[in-house]
Amino acid sequence: MEQYDHKKIEKKWQKKWTEEGIYKTSDESDKPKEYVLDMFPYPSGEGLHVGHPKGYIATDIYSRYKKMRGFNVLHPMGWDAFGLPAENYALKNKVHPRQAVEKNIARYKEQLSIIGFNYDWDREINTTDPEYYRWTQWIFLQLFKVGLAYESNEPINWCPSCKTGLANEDLDNGACERCGSAVEKKRIRQWVLRITDYAERLLNDLDELKEWPEHIKELQRNWIGKSEGAEIDFGIAGRDEKIKIFTTRPDTLFGATYMVLAPEHPLVLNNELGISNYEEVKKYIEEAGKKTEIERTAEGKEKTGVELKGVKAINPANKEEIPIFIADYVLADYGTGAIMAVPAHDERDFAFAKKYKLPIRMVICPHYPAPTCPVLDEAYIGNGHLVESGQFNGLPNEDAKKKITEFVGGKMKTTYKLRDWVFSRQRYWGEPIPLIHCEKCGVVPVPEKDLPVTLPEVEHYEPTGTGESPLANISEWVNVLCPTCGGKGKRETNTMPQWAGSSWYYLRYIDPKNQDAFVDTKKEKYWSPVDMYVGGAEHATRHLIYARFWHKFLYDQGFVSQSEPFMRLKSPGLIAGADGRKMSKRFGNVINPDDVVATYGADTLRLHEMFMGPFEQGAAWSEESIIGPRRFVEKVWRQAARIGGTTDASLLSKLHQAIKKVGEGIELFRFNTAISTMMIFMNEAEKSGTIGQGEYELFLKIVSPFAPHAAEELWREVLGHKKSIHLEPWPVYDESKIVSEGFTITVQVNGKVRDTFMIETELSEDEVKDQALALEKIKRWIDGQAIKKIIYVKNKIVNIVV
RNA sequence: GCCCGGAUGGCGGAACUGGUAUACGCGCACGACUUAAAAUCGUGUCCCGAAAGGGUUGUGGGUUCGAUUCCCACUCCGGGCACCA
């Protein structure tokens, strides 16, 4: 038998598996289905580093295992290729984004293929393929039809020097990352999706996702940020206008000693209140407008504000006239953009009141009845009973919330942090939004039969400088006839964000070539939902919320059969560079999987990444320890030459333990311990010398998901099997073969281990205790002291308390 | 500031529902094979101690016959969110 040489076998089998089509998925099967999905990558120009495949290796092992367990498995891969990264890469390298994407995809695919993944490439999808984005556009039209898409003027980050909109990500401390100019807010016409209509369901249905990690669900809950409170109108002294505020603490209304509006509050912007110091106010508004969100929200920032002179608000609870301020710590787009300030019971209001010497009135006392209310040196935000609150005095504050709200004619109201989803970009490289602006009919959807609205070829795909998409410059594309009235119309020139294509791609894999529908209903019913979804935790809030939103919408429209898309979710911990920092070209710590495969082989890379530690935990790359998994593969290889005779009972026992534990480990994504179990078996096998062929084959099968190439080579070339090991059933372990070699009883005195002894078979409690007490060492430790009690844990421990 | 993780030998980590802490791997040391080296195999490897024994899972307390595991307080590290009324 030849020596193990990964270079001789890995490419060979990858080719053969493709030729034999062993990874083809059938839509018709009596088997139960299992849909195993990776978050698809966007093919950047940098190529894969060694951290990227971690999740793919896990799903590869998992899906191979599920196939062996008799499931019909769907395990596809594709490309999320629209969006800024691809566009920026193209701009930088002076090629068309399409060409850049094609090149990068080819590179990614090659890199993935040499690791030996079992994707069904017949189902490959690409979000930039018109046959794909046709359906992305179609889904948008369905949203539009029911009123979930609307136009609105939304603020964006605008770099006045580059003349382009910037994502938060492209900001460097409030300035443009590229040119360093201060970034402004600019309002621009945008398409927005009403995701907030789904806030309550997106929140509640998290409870049904039993197999999602709790911390990811928590992230989503915080992102949705439900809070229950009240909306209350404050009058303005001597005027008819009212100012609506939102508060979660209507119980503290009597303690409201001033009011704060966001600088962008419409009543202030339009100077509708007769403010006497408007010049000063205007200046503050301008200052606030210049600041980025980052500056406005910096930690521990001193509160600033300006009083609106000549105007007073009326506290509706006690009719007191109170001053009104504007301050940038109040945000225009949360709640109503106005608050009542209760300095005694809110930390921010407290800090502000101290600075501007405003009255602080305590209306909730922790101890009731309090002889006097203590002087506060910080806000009291806890519970208590009401004081100085008229007829509500003495009520527990929780009970007072509703009562006070009703008393002043307010209403209880739920708000969410979640904001509607700004769904347009003024960029070239995205799906065109399939709408036409008609002079007569307004906004008209492109008829479904005319989809896709394809991206036209342009000479310049750089941003235009006007804030409009480059598509706006192509008049022959923009000017069209209105599909409704036949009159003059103009195409919408905004494109969709990268999130669009990734919000439904998992459905397209089910039926990737369907020309008549985004997915066939029957196939969708069979494959949905995704059973196992693996991808980075950085997508916990955005991608996973957007996809859940679209899925629920499609469910409501009757297009899909399940209300949630992803049943089980796992996030791989990040693989950092050897220096402990994030792998990045910038730090020069990037390890390319191609190099690792060339040196050690794909099987070793796969084992190593899974053996590094718990799957969901991060780890630094270490080239030093990869030799361990490599030695393991070599041991398995060498053992094939020692097949013959029989397998002794102890090795047989280890084998069945391994079958059991490896299966459980894969199910639970505990690959590191699964691998150590296999190593233990191999060590034992080496010691015993020979192994029966049947037993060796069983072991090869459990190794095969981890090291598919070596296992296949041994199975077919060395052992002479005709069909692939990857089509074999998973071995059934035999509990009776897992023979125990007796039990080691630990004897403790007062909880400290003093001795151990073996019992061959299970004995009665009294017999074990007698044996323990008879031990010489134990006798010495007890040394005539009175035994208070003896605790016995079956087959494990005797603890003698003296 | 808030939320979520985490802290175990020289290093990565293991320990099922509270029951012998340090499995497995790396590294290191010694030995076998070899003229030699590599590879491989074997033995050892938490700390103190000659031994008996004692100590040890970030720190300090608690519950328990018994705590890496449960509870309280704190320190440090990683991630997320951020003046959300």
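Numbered from 1 within each chain, the chains take letters A, B, ... in sequence-line order. Values below: every heavy atom of this structure, side chains too, minus hydrogens, waters and symmetry copies.
- Nucleotide B:rC33 forms no Watson-Crick or G-U wobble pair with any nucleotide shown, as no partner meets the under 3.5 Å limit on both distances.
- Ring centroids of A:F352 and A:F325 are separated by less than 6.0 Å, placing the two rings close together.
- A cation-pi arrangement is present between A:K54 and A:F615 under the rule of less than 6.0 angstrom and at most 45 degrees off the ring axis.
- Among the atoms of the strands shown, none is found under 4.0 Å from any heavy atom of A:K217.
- Between A:R249 and A:N397, the closest side-chain pair of non-hydrogen atoms falls below 4.5 Å.
- Of the two residues near RNA chain B, A:A619 and A:V793, the one whose nearest nucleotide lies more 5' is A:A619.
- In this structure, the nucleotide among B:rC24, B:rU40, B:rA21 sitting nearest to the side chain of A:I680 is B:rC24.
- In this structure, CH2 of A:W223 is placed 12 Å from P of B:rG80, rounded to the nearest angstrom.
- Salt bridge status for A:R630 with A:E634: present, with a side-chain N to carboxylate O gap under 4.0 Å.
- Note: CD (A:E347) to C1' (B:rC2) measures 10 Å, nearest angstrom.
- Protein atom NZ of A:K661 is 10 Å distant from nucleotide atom C1' of B:rA15, rounded to whole Å.
- In this structure, A:K401 does not pair ionically with A:E228, as no charged nitrogen and carboxylate oxygen lie closer than 4.0 Å.
- In this structure, A:F246 and A:T248 have side chains that are in contact, with non-hydrogen atoms separated by less than 4.5 Å.
- One C1' atom belongs to B:rC16, the other to B:rG12, and the distance between them is 22 Å to the nearest Å.
- Nearest nucleotide to the side chain of A:T673, out of B:rA14, B:rC83, B:rG12: B:rA14.
- Distance, A:K789 NZ to B:rU64 P: 10 Å, rounded to whole Å.
- The phosphate of B:rU64 has neither OP1 nor OP2 within less than 4.0 Å of any side-chain N or O from A:N799.
- In this model, the phosphate group of B:rA85 is approached by a side-chain N or O of A:S227 to a distance below 4.0 Å at OP1 or OP2.
- Looking at the side chain of A:N222, the nearest of the listed nucleotides B:rU20, B:rG53, B:rC3 is B:rC3.
- A close approach under 4.0 Å does occur between a side-chain nitrogen or oxygen of A:Y334 and OP1 or OP2 of B:rA85.
- Side-chain proximity of A:R631 to the nucleotides B:rG27, B:rG53, B:rC16 is greatest for B:rG27.
- If you check every strand for non-hydrogen atoms under 4.0 Å, A:I791 touches a base.
- Among B:rC26, B:rA85, B:rG80, the nucleotide with an atom closest to any side-chain atom of A:S625 is B:rC26.
- At least one donor-acceptor pair closer than 3.5 Å links the side chain of A:R642 to the backbone N or O of A:E686.
- Ranking B:rU20, B:rG25, B:rA85 by closeness to the A:M679 side chain, first place goes to B:rG25.
- If you measure from atom CE of A:M612 to atom P of B:rG25, you get 17 Å, rounded to the nearest angstrom.
- Taking the O4'-C1'-N9-C4 or O4'-C1'-N1-C2 dihedral as appropriate, B:rG13 has a value more than 90° from 0 and is therefore anti.
- A straight line from CG of A:L574 to C1' of B:rG5 spans 14 Å, rounded to a whole angstrom.
- Considering only the side chain of A:T247, B:rA85 comes nearest among B:rG54, B:rG27, B:rA85.
- Listed by chain and residue number, nothing satisfies the ring pair (Phe, Tyr, Trp, His ring centres under 6.0 Å) test with A:W212 (two or more places apart in sequence, or in another chain).
- Within the structure, a side-chain polar atom (N or O) of A:N672 is placed less than 4.0 Å from OP1 or OP2 of B:rA14.
- Nearest nucleotide to the side chain of A:V330, out of B:rG54, B:rU20, B:rA85: B:rA85.
- Here the side chain of A:L331 is nearest to one of B:rA85, B:rG53, B:rC41, namely B:rA85.
- Nucleic acid contact class of A:W781 (heavy atoms, under 4.0 Å, all strands): sugar-phosphate only.
- One can place CD1 of A:I675 at 12 Å from P of B:rA14, the figure rounded to the nearest angstrom.
- Taking the nucleotide of RNA chain B with the nearest heavy atom to each of A:R754 and A:G618, the more 5' of the two is matched to A:G618.
- Taking atom P on both B:rU22 and B:rC46, the two are 10 Å apart, rounded to the nearest angstrom.
- Here A:Q617 lies in heavy-atom contact (under 4.0 Å) with sugar-phosphate atoms only.
- Spacing of P atoms, B:rU69 relative to B:rG6, comes out at 13 Å, to the nearest Å.
- Between the base of B:rC83 and the side chain of A:K303 there is a donor-acceptor pair shorter than 3.5 Å.
- Among the atoms of the strands shown, base atoms are found under 4.0 Å from some heavy atom of A:Q748.
- Following rounding to the nearest Å, A:E634 (CD) and B:rU40 (P) show an atom-to-atom distance of 6 Å.
- Among the heavy atoms of the strands lying under 4.0 Å from A:S676 is at least one base atom, whether or not backbone atoms are also near.
- Of the nucleotides present, B:rC4 is the one that pairs with B:rG78 by Watson-Crick or G-U wobble criteria, both distances under 3.5 Å.
- Remark: A:R348 is in phosphate contact with B:rC84, judged by side-chain N or O atoms under 4.0 Å from OP1 or OP2.
- A:R630 comes within 4.0 angstrom of no nucleic acid atom, judged by non-hydrogen atoms across all strands.
- Comparing the P positions of B:rC47 and B:rG66 gives an interatomic distance of 28 Å, to the nearest angstrom.
- In this structure, the side chains of A:F611 and A:M679 come closer than 4.5 Å at one or more pairs of heavy atoms.
- Across all strands, A:T744 comes closer than 4.0 Å to base atoms (heavy-atom distances).
- The A:E686 side chain lies nearest to B:rC41 when the options are B:rC24, B:rC41, B:rG80.
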